[in-house]
**Q** 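A single structure is presented below for examination.
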Amino acid sequence: MSIGYACLAIGVPDTKIKSCVIKNASCENLLNLISHNLNALENIIEYNIKNDIKLFRISSDIIPFASSPANKLNWQTIFEKRFAEIGNKIREGGIRVSMHPGQYTVLNSPDPNTVKRAVDDLYYHAEVLDSLRVNPQNKIILHIGGIYGNKKLATERFLKQFNLLDETVKQRIAIENDDKCYNIEDVLQIGNILNIPVIFDNLHHAVNPSGRVESDPHWISLCSSTWKLKDGRQKIHYSQQDPLKKSGSHSRSIEISKFLSYYNSHNSKDTDIMLEVKDKNCSAVKCINCLAADRRISRLEHEWSRYKYLVLEKSHPDYNKVRLLLKDKESYPALAFYSIIESAINKDSSRGDAVNAAMHVWGYFKEKATEREKALFLAKTDAFLMDKIPLANIKNNLWRLAVKYDEPYLLESYYFAY
DNA sequence: TGACGTCAAGATCCG
DNA sequence: CGGATCTTGACGTCA
């Protein structure tokens with residue numbers, strides 16, 4: 001069983017995927033962007049390996065405008081070597097990757113032009129995975145599309161268009177239930193006809209359930225039979241509802257107690273779980289640590305190094321609670337640890353606590369900062385205390401110092417990322 | 001026609 | 001000048 005996250009890693013230096021607007025999509029600019037993005041992908045993969053994260057979704061933006069006429073580059077050849085190198089790291093790291101064209105890739109549209117774009121986009125995604133030389137267990141996850149007033153006809157169009165694809169693309173595609181049109185029962189029916197794997201997404205299912213009422217574990221178990229040996233382990237998508245946003249919106253972080261009870265309720269423990277959540281890798285590491293067979297406290301200590309200034313900013317009492325909790329080096333209080341952190345992060349910090357945390361971070365630069373930097377920091381904290389500037393202003397300033405003085409401990413801190 | 005989702009890039013405004 | 005705060009982009013469907 002692997003747990004993973006999608007597209008971007010928070011608080012990991014040099015992993016940002018960049019793009020541009022179409023009018024700036026010159027060959028030169030695109031070459032620079034792709035080269036940059038491949039370096040970023042390599043850094044993400046290395047981070048994943050270091051952090052025991054074995055499942056990762058590669059951003060569709062890795063090649064900007066890849067399936068658009070705006071990009072005429074023969075990127076597959078130009079970057080062949082880089083793709084192969086990164087692919088080697090993926091395979092040697094035992095990582096399973098995937099890609100996920102968005103809601104605008106619609107294979108079953110009645111408009112042939114839209115279908116052509118969708119087909120081009122699917123070939124693009126397959127070419128990225130082919131260039132990495134990862135096997136067909138590394139999937140492209142696709143939604144069925146629109147309904148256009150007649151679900152039966154729209155489904156038939158999907159079946160027809162799918163069958164027209166090359167085998168190299170077909171063998172990578174898995175289909176997923178969506179939050180509006182095709183519920184899990186619809187998707188299972190299509191998956192069984194085409195003999196392709198089906199991904200169960202729990203939040204889409206909650207928002208757009210099948211008329212047939214069954215438990216999530218039941219649907220997951222029905223999906224499991226669509227995953228054949230050649231497809232690799234069954235994969236599901238898991239997310240939680242953001243309590244403040246509209247129905248279907250992904251939560252900021254995975255609430256660990258909820259995740260664990262969901263995990264324990266479904267009996268197929270050997271599924272790969274792709275988390276869809278705003279804080280990305282942070283939640284993935286959290287869930288992985290809570291289920292880790294290797295229960296050494298060093299895992300939590302490493303996490304604490306990334307969370308500590310953020311927790312200190314949000315709540316000094318919670319900061320003290322965690323310090324106490326981590327004192328016993330023989331224990332592994334993962335659930336309690338993350339529960340305190342979740343509770344702290346949801347709090348509004350007092351001005352005093354926020355300045356205190358900023359002072360702790362400032363401690364890294366106190367000795368080496370220039371007079372000008374010292375004066376600026378002090379002026380900013382004063383201005384913040386008098387409600388003249390936002391906290392983000394101080395934190396941006398500290399972030400620049402962390403970059404300038406190259407403090408790896410700070411560069412990896414969630415203090416700047418949340 | 002605008003909402004939907006996504007989130008940088010890019011533009012503009014502010015002190 | 002740096003920094004904060006909008007606006008746009010790029011896609012297709014549906015009300």
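Here is the naming used below: chain letters follow the sequence lines, and residue numbers restart at 1 for every chain. Please read all numbers here as calculations on a predicted model, not as lab measurements.
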**Q** dT6(B), dC14(C), dA9(B): which one has an atom nearest the side-chain heavy atoms of His250(A)?
**A**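 Nucleotide nearest to His250(A)'s side chain: dT6(B).
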
**Q** Starting at the 5' end of DNA chain C, which residue's closest nucleotide do you reach first, Asn108(A) or Cys20(A)?
**A**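 Closer to the 5' end of DNA chain C: Cys20(A).
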
**Q** What is the distance, rounded to the nearest whole Å, between atom CG of Asp121(A) and atom P of dC11(C)?
**A**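 From Asp121(A) CG to dC11(C) P: 11 Å.
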
**Q** Atom NE2 of His143(A) and atom P of dT6(B): how far apart are they, to the nearest Å?
**A**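 One finds 11 Å between P of dT6(B) and NE2 of His143(A), rounded.
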
**Q** Heavy atoms under 4.0 Å, any strand shown: does Asn396(A) hit a base, just sugar-phosphate, or nothing?
**A**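 Sugar-phosphate, backbone atoms only, no base.
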
**Q** When you measure from the side-chain N and O atoms of Arg400(A) to the phosphate of dG2(C), is any distance below 4.0 Å, counting only OP1 and OP2?
**A**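 It does not, given that no N or O in the side chain of Arg400(A) lies less than 4.0 Å from OP1 or OP2 of dG2(C).
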
**Q** For Asp279(A) and dC7(B), give me the distance from atom CG to atom P, rounded to whole Å.
**A**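 Taking atom P of dC7(B) as the reference, CG of Asp279(A) is at 12 Å.
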
**Q** So which nucleotide from dC14(C), dT6(B), dG9(C) ends up closest to the side chain of Cys181(A)?
**A**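 So the side chain of Cys181(A) is nearest to dC14(C).
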
**Q** What is the distance, rounded to the nearest whole Å, between atom OH of Tyr182(A) and atom C1' of dC14(C)?
**A**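 The answer, rounded to whole Å, is 13 Å.
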
**Q** Would you tell me if any nitrogen or oxygen in the side chain of Ser109(A) comes within less than 4.0 Å of OP1 or OP2 on dT13(C)?
**A**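 Answer yes for this pair, as a side-chain N or O of Ser109(A) is under 4.0 Å from OP1 or OP2.
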
**Q** Could you tell me whether the side chain of Leu73(A) reaches within less than 4.5 Å of the side chain of Leu31(A), counting heavy atoms only?
**A**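 They are in contact (side-chain heavy atoms under 4.5 Å apart), so the answer is yes.
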
**Q** Only one of Glu92(A), Glu85(A), Arg91(A) passes side chain to side chain donor-acceptor pair (under 3.5 Å) with Asn88(A); say which it is.
**A**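 When Glu92(A), Glu85(A), Arg91(A) are each tested with Asn88(A), the side chain to side chain donor-acceptor pair (under 3.5 Å) holds only for Arg91(A).
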
**Q** Let's see if you can work this out: which of dT6(B), dG9(C), dT13(C) has an atom nearest to the side-chain heavy atoms of Pro110(A)?
**A**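 My answer, after comparing the listed nucleotides, is dT13(C).
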
**Q** Quick one: Asp61(A) CG to dG9(C) C1', roughly how many Å, whole number?
**A**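 Atom-to-atom, Asp61(A) to dG9(C), this comes out as 11 Å.
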
**Q** Start with the C-alpha distance between Asp272(A) and Trp227(A), add both sets of side-chain angles, then the distance that settles side chain to side chain contact (heavy atoms under 4.5 Å, CB included), and finish with yes or no.
**A** CA-CA 12 Å; Asp272(A) 283 356; Trp227(A) 290 81; over 6 Å; no

**Q** Counting heavy atoms from C-beta on, name the nucleotide in dT13(C), dC4(B), dC7(B) closest to the side chain of Tyr148(A).
**A**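 Nucleotide nearest to Tyr148(A)'s side chain: dT13(C).
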
**Q** Taking the inter-plane angle between the rings of Trp362(A) and Phe377(A) on a 0 to 90° scale, is it parallel (under 30°), tilted (30 to 60°) or perpendicular (over 60°)?
**A**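 Parallel, since the angle between the ring planes stays under 30°.
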
**Q** Using atom CG of Asp242(A) as one end and atom P of dC4(B) as the other, report the distance to the nearest whole Å.
**A**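 Rounded to the whole Å, the gap is 15 Å.
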
**Q** Closest nucleotide of DNA chain B for Asp179(A) versus for Leu8(A): which of these residues is on the 5' side?
**A**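 The residue whose closest nucleotide sits nearer the 5' end is Asp179(A).
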
**Q** Would you mind reading off the distance between His100(A) atom NE2 and dT6(B) atom P, rounded to a whole angstrom?
**A**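 About 10 Å, once rounded to whole Å.
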
**Q** Checking all strands, does Lys245(A) fall into the base, sugar-phosphate, or nothing category for heavy-atom contacts under 4.0 angstrom?
**A**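 Nothing, no nucleic acid heavy atom in range.
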
**Q** Can you label the angle between the Trp304(A) ring and the Phe337(A) ring as parallel, tilted or perpendicular, going by 30° and 60°?
**A**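 The arrangement is perpendicular - the two ring planes meet at more than 60°.
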
**Q** Under 4.0 angstrom, heavy atoms only, what part of the nucleic acid is Lys16(A) near: base, sugar-phosphate, or nothing?
**A**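 Nothing, no nucleic acid heavy atom in range.
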
**Q** With nearest nucleotide decided by heavy atoms, which residue, Arg117(A) or Asn393(A), maps closer to the 5′ end of DNA chain C?
**A**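 Nearer the 5' end of the strand: Asn393(A).
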
**Q** Touch check for Asn24(A), heavy atoms < 4.0 angstrom, all strands: base, sugar-phosphate only, or nothing?
**A**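 Result for Asn24(A) = sugar-phosphate.
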
**Q** So, Tyr405(A) versus Tyr364(A), ring centres under 6.0 angstrom or not?
**A**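 Centroid distance Tyr405(A)-Tyr364(A): not below 6.0 Å, so no.
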
**Q** Please report, rounded to the nearest Å, how far the P atom of dA3(B) is from the NZ atom of Lys180(A).
**A**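 Spelled out: NZ on Lys180(A) to P on dA3(B) is 14 Å.
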
**Q** Is there a side-chain contact between Lys23(A) and the phosphate of dA11(B), meaning an N or O under 4.0 Å from OP1 or OP2?
**A**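 True: Lys23(A) side-chain N/O within range (under 4.0 Å) of dA11(B) OP1/OP2.
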
**Q** NA contact type, Ile17(A), heavy-atom cut-off 4.0 Å: base, sugar-phosphate, or nothing?
**A**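 Contact class for Ile17(A): none.
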
